[in-house]
Chemist: 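Let me give you the structure first, and then I'll get to my questions.
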Amino acid sequence: MDAAPRWTPGRLAEIDQHAAAVRDILVLDGHGLGPIALADYARGVEDVAREGGWRPGADDWVSLRLAGVCLLAMAGGAMASIADGDAALS
């Protein structure tokens, strides 16, 4: 049984953009894309959002951002290779 969410192409594109932004933030800050860095980032987004009144289940920026983190986590090493730039693709 496939446990992956069923996202429409448009929604997947939005989530992919959030995943790319998260990847860039973590890689440029030198944290990498390991599970601890992704979890810390997601926890920070969630904490700030909750302080502002956000609740899970909304269809908003926060939910898309967290889905982007999940997409990176599910992608594993493939996204890490992309983050290394062209040298990793050679």
Chemist: So, taking the atom named CD in Glu46 and the one named CD in Glu51, what distance separates them when rounded to the nearest 0.5 Å?
Modeler: 11.0 Å
Chemist: Does Ser63 reach the side chain of Asp60, with side-chain heavy atoms less than 4.5 Å apart?
Modeler: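 Touching, per the 4.5 Å side-chain cut-off.
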Chemist: Is the count of non-hydrogen atoms from other residues, nucleotides or ligands lying under 6.0 Å from Arg43 atom CZ greater than 12?
Modeler: no
Chemist: Is there a path of hydrophobic side-chain contacts, each under 4.5 Å between heavy atoms of I/L/V/M/F/W/Y residues, joining Val69 to Trp61?
Modeler: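 Hydrophobic grouping puts Trp61 with Val69.
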Chemist: Distance from Ile15 atom CD1 to Thr8 atom OG1, nearest 0.5 Å?
Modeler: 8.0 Å
Chemist: When the side chains of residues 24-37 are checked against the rest of the protein, which donor-acceptor pairs come out under 3.5 Å, sequence neighbours left out?
Modeler:
none

Chemist: Kindly compute the distance separating OH (Tyr41) from CG (Leu72), expressed to the nearest 0.5 Å.
Modeler: 10.0 Å
Chemist: Is any side-chain heavy atom of Arg23 closer than 4.5 Å to a side-chain heavy atom of Leu71?
Modeler: no
